[in-house]
Asker: 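Before I ask anything, let me first share the structure, which is written out below as C-alpha cells.
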Amino acid sequence: MTHWFHRNPLKATAPVSFNLYGVASSPAANKICNDLRTTRARLLDMFTDATCTPEIMKKSSDEYFALIQGFILPLDGTTQENKLRFIQNFKWTDTLQGNIASAQQDAVFELVSMAFNVAVWYSKFASRLETHIPRLITPAEKGRDLEPRVIDTYIVQSQAEAQEVTIARAIELKHNASLIAALSFETANFYQKADHTLNTLDPECSSKWKKYLQLKQHFYMAYAHCYHGQTLLAGDKCGEAIRSLQEAEKFYSRAEALCKEYRQMKGPGSTAKPSEQLFFKKLGTFIKNTLEKCQRENSFIYFHKVPAEAPALELKASYGLAEPTPFELPPLSAQCTPEVYATFDLTKGPKEDKAKAKHDEEIKPVKEPDLKPQKDTGCVVS
C-alpha cells in the first residue's frame, strides 16, 4: 500500500488526562474519566501498531467512542447540551498542515478528529465522518481536515482506491474487456473529481496530493482506452481500436511523467512509487503489444482508416462499482447513566482545567509503522 497509494500522515494529538478533580464527585464518575484516559491511549497506540487488524481497531475505537459520547449526548432527560461537552480541551494537528496543532474545548471536536484518524487508518471508510461535523461550535478553518473540501476529497479518493481493487480482481479473473474499460473510466473520473475538489486549496499543502490524484486519473484513463480498444477490435472496428490504443499510449506516457513530477514534490504524506510497480509496468507492455497486434491485423485483414479523433468513452459499469460501507457509532457506554451524569458537578472544577484553547502549538507527529510491501503479482494493488 505504501508504494501504490499516496497516504497523508495521521493526525497527531496531545495527551488528555481527563482529570476532572472535584467535578467527578462519585466513584462511578471517576471510573468513567479513568476509562476515557486508558481507552483513548489504547486507541492511539493502535494507529502505530503494525499488528493491528481491522477487528482490533473496531474494538478499540468502539470502546472509546462509547465513552466519549457520554460527554456529548444529553443524559439528563432533556434536549439541552450535555453539561460536560465543553469541560475538556483537545489538541489535534491536521494532515495537510504539519505539526502545528489547533485546539477546541469541545468533545464533538474530539469525536470527529479521532473518527477522522480511524477513517484514514481504514482509508475506504472516510465517509463516516460527516454527520457530526456540522455540530462543531468553531467552524473548520480553511485547509483543515474537517473542512468540506478536504473531507470530500478523502471520501472520493477512498471510493476510487476501493474500486482499484475491483479492477485488479477483474483483470486477474479475465473478465470481459468492456467491463474493465467501464470500471477504469469510472475510477479515472473519481480521481479527476477528487483533484478538482482541491483546486481552491492552498497549493503549498495540496500540490503533492493533487499530483498523485492526477497521475492515477491518467493511469486509469490509459486502462479505459486500452480495454475499450480490445472491445472495438472484437467488434471488427480495427481502425477505431488502433486510435483508442494510441490514446491509451498518450495517457500512459503522461502518467509516467506525472509519477516523476510527484516523486520530486515536497509536501505532506508518504511518497508512493506506482511507476515502479508491476501493475503499472504491465499496462505499458500490454498497450504496446495490443496496439501492434491491431496494426498487424489492420494491414492484413481490415484495411480500416484510423480516425483522427479517439473514440468517445461513453462507458458505464453495470456492476462492480465500490460502495461505501455504512458506519454507525457504537451505543453509549452502559457506564454513562443519568445517575452517574448527575454526580459530575461543574461548579467544583479547578480553574486550570478551563484554560482557553491554544492554537499554533506544535505536537510531535505520529510515527507510523514502516510496512514492507508484499510480493508484487501485478494485479494486487494493496
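A quick note: this is a predicted structure, and the numbers were derived from the prediction, not measured.
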Asker: Kindly work out whether a path of hydrophobic side-chain contacts (I/L/V/M/F/W/Y, heavy atoms less than 4.5 Å apart) joins Leu146 to Val120.
Answerer: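 Hydrophobic grouping puts Leu146 with Val120.
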Asker: Are a donor atom and an acceptor atom from the side chains of Gln163 and Thr187 found within less than 3.5 Å of each other?
Answerer: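 The criterion, which ignores hydrogens and geometry beyond distance, is satisfied for Thr187 and Gln163.
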Asker: Using atom types as modelled and distance alone, determine if a side-chain donor or acceptor of Lys11 lies under 3.5 Å from a backbone N or O of Thr95.
Answerer: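 Pair absent, no side-chain N/O of Lys11 close to backbone of Thr95.
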Asker: Would the distance check show the side chain of Asn82 and the main-chain N or O of Leu75 forming a donor-acceptor pair, the cut-off being under 3.5 Å?
Answerer: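 Not a single qualifying donor-acceptor pair exists.
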Asker: Within the 4.5 Å heavy-atom criterion, are His175 and Leu183 side-chain neighbours or not?
Answerer: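 Result no, sub-4.5 Å side-chain heavy-atom pair not found.
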Asker: Short question: side chain of Thr48, backbone of Asp45 - any donor-acceptor pair under 3.5 Å?
Answerer: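 It does hold such a pair.
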Asker: How long is the straight-line distance from CD of Glu328 back to CG of Asp62, given to the nearest 0.5 Å?
Answerer: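 Spacing of CG (Asp62) from CD (Glu328) equals 11.0 Å.
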Asker: Taking the side chain as every heavy atom from C-beta outward, state whether Phe86 and Phe109 have any pair of such atoms under 4.5 Å apart.
Answerer: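 The answer is no; the side chains never approach within 4.5 Å.
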Asker: Flag the pair Tyr262 / His6 as yes when their ring centroid distance falls below 6.0 Å, and as no otherwise.
Answerer: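 Yes - the distance between ring centres of Tyr262 and His6 falls below the 6.0 Å cut-off.
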Asker: So, are Arg169 and Glu172 salt-bridged, with charged N and O less than 4.0 Å apart?
Answerer: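 Looking at Arg169 and Glu172, the cut-off is met.
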Asker: Decide side chain to side chain contact (heavy atoms under 4.5 Å, CB included) for Asn199 and Arg149; before the verdict, give the C-alpha distance in whole Å, the side-chain angles of both, and the deciding distance to 0.1 Å.
Answerer: CA-CA 9 Å; Asn199 276 348; Arg149 289 172 299 177; over 6 Å; no
Asker: Going by distance alone, is a donor N or O of one side chain under 3.5 Å from an acceptor N or O of the other, for Lys208 and Tyr212?
Answerer: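 Checked: Lys208/Tyr212 side chains show no N/O donor-acceptor pair below 3.5 Å.
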Asker: Between NZ of Lys282 and CG of Asn289, what distance do you get to the nearest 0.5 Å?
Answerer: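 Going from NZ on Lys282 over to CG on Asn289, the span is 12.0 Å.
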Asker: I'd like to know if Glu55 pairs up with Lys59 as an ion pair, taking the criterion as any Lys NZ or Arg NE/NH1/NH2 lying under 4.0 Å from an Asp or Glu carboxylate oxygen.
Answerer: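 Salt bridge absent between Glu55 and Lys59.
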Asker: Does a side chain donor of either Gln217 or Asp195 reach within less than 3.5 Å of an acceptor in the other side chain?
Answerer: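 No, no side-chain donor-acceptor pair sits under 3.5 Å.
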Asker: Glu164 and Tyr191: side-chain donor and acceptor closer than 3.5 Å?
Answerer: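 Glu164 vs Tyr191: donor-acceptor pair found between side chains.
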Asker: To the nearest 0.5 angstrom, please state how far the SG atom of Cys259 sits from the NZ atom of Lys211.
Answerer: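 The SG atom of Cys259 sits 11.0 Å away from the NZ atom of Lys211.
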Asker: Centroid-to-centroid, Phe279 to Tyr223, below 6.0 Å?
Answerer: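 Yes, the ring centres sit under 6.0 Å apart.
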Asker: Within 45° of the axis and under 6.0 Å from the centre of the six-membered ring of Tyr252, does NZ or CZ of Lys288 qualify?
Answerer: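 Judged by the rule (NZ or CZ under 6.0 Å from the ring centre, within 45° of its axis), Lys288 is not positioned above Tyr252.
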Asker: Kindly say whether Ala308 contributes a backbone atom to a donor-acceptor pair with the side chain of Arg243 at under 3.5 angstrom?
Answerer: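 Between the backbone of Ala308 and the side chain of Arg243 there is a qualifying donor-acceptor contact (under 3.5 Å).
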Asker: Using only heavy-atom distances, determine whether the side chains of Tyr154 and Asp145 contain a donor-acceptor pair under 3.5 Å.
Answerer: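 No - no donor-acceptor pair under 3.5 Å links their side chains.
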Asker: When the ring planes of Phe18 and Phe71 are compared, do they come out parallel, tilted or perpendicular, using 30° and 60° as the limits?
Answerer: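 Perpendicular, since the angle between the ring planes exceeds 60°.
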Asker: Under 3.5 Å, side chain of Gln192 to main-chain N/O of Ala188, donor-acceptor pair present?
Answerer: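 No, the answer is negative, given that no donor and acceptor are paired below the 3.5 Å cut-off.
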Asker: Closer than 3.5 angstrom, by distance alone: can the side chain of Asp345 be matched with the main-chain N or O of Thr347 as a donor-acceptor pair?
Answerer: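 Indeed, once roles are kept as given, a pair shorter than 3.5 Å links the two residues.
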Asker: With a 6.0 Å cut-off on the ring centroids, do Phe185 and Tyr227 count as close?
Answerer: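 Ring-ring flag for Phe185/Tyr227: false, centres at least 6.0 Å apart.
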Asker: Any donor-acceptor pair under 3.5 Å linking the side chain of Lys83 with the backbone of Phe344?
Answerer: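 Checked: pair present.
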Asker: Between Phe251 and His225, what is the ring plane arrangement, given parallel below 30°, perpendicular above 60°, and tilted in between?
Answerer: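 Answer is parallel, since the angle falls under 30°.
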Asker: Within the distance-only criterion (no hydrogens, no angle test), does the side chain of Thr39 pair as donor or acceptor with the backbone N or O of Glu63 below 3.5 angstrom?
Answerer: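 No: the side chain of Thr39 does not pair with the backbone of Glu63.
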Asker: Looking just at side-chain N and O atoms, do Glu110 and Trp92 make a donor-acceptor pair shorter than 3.5 Å?
Answerer: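 Yes, a side-chain donor-acceptor pair sits under 3.5 Å.
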Asker: Which Ile, Leu, Val, Met, Phe, Trp or Tyr residues join Ile301 in one cluster when any pair of side-chain heavy atoms under 4.5 Å counts as a link?
Answerer: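 ILVMFWY cluster around Ile301 also holds Leu233, Phe300, Tyr302.
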Asker: To which residues is Phe190 joined in a hydrophobic cluster, defined by side-chain heavy-atom contacts under 4.5 Å among Ile, Leu, Val, Met, Phe, Trp and Tyr, whether direct or through other members?
Answerer: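 In the cluster with Phe190 are Val156.
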Asker: Show your working on side chain to side chain contact (heavy atoms under 4.5 Å, CB included) between Leu67 and Gln335 and close with a plain yes or no.
Answerer: CA-CA 8 Å; Leu67 285 166; Gln335 294 176 245; 3.7 Å; yes
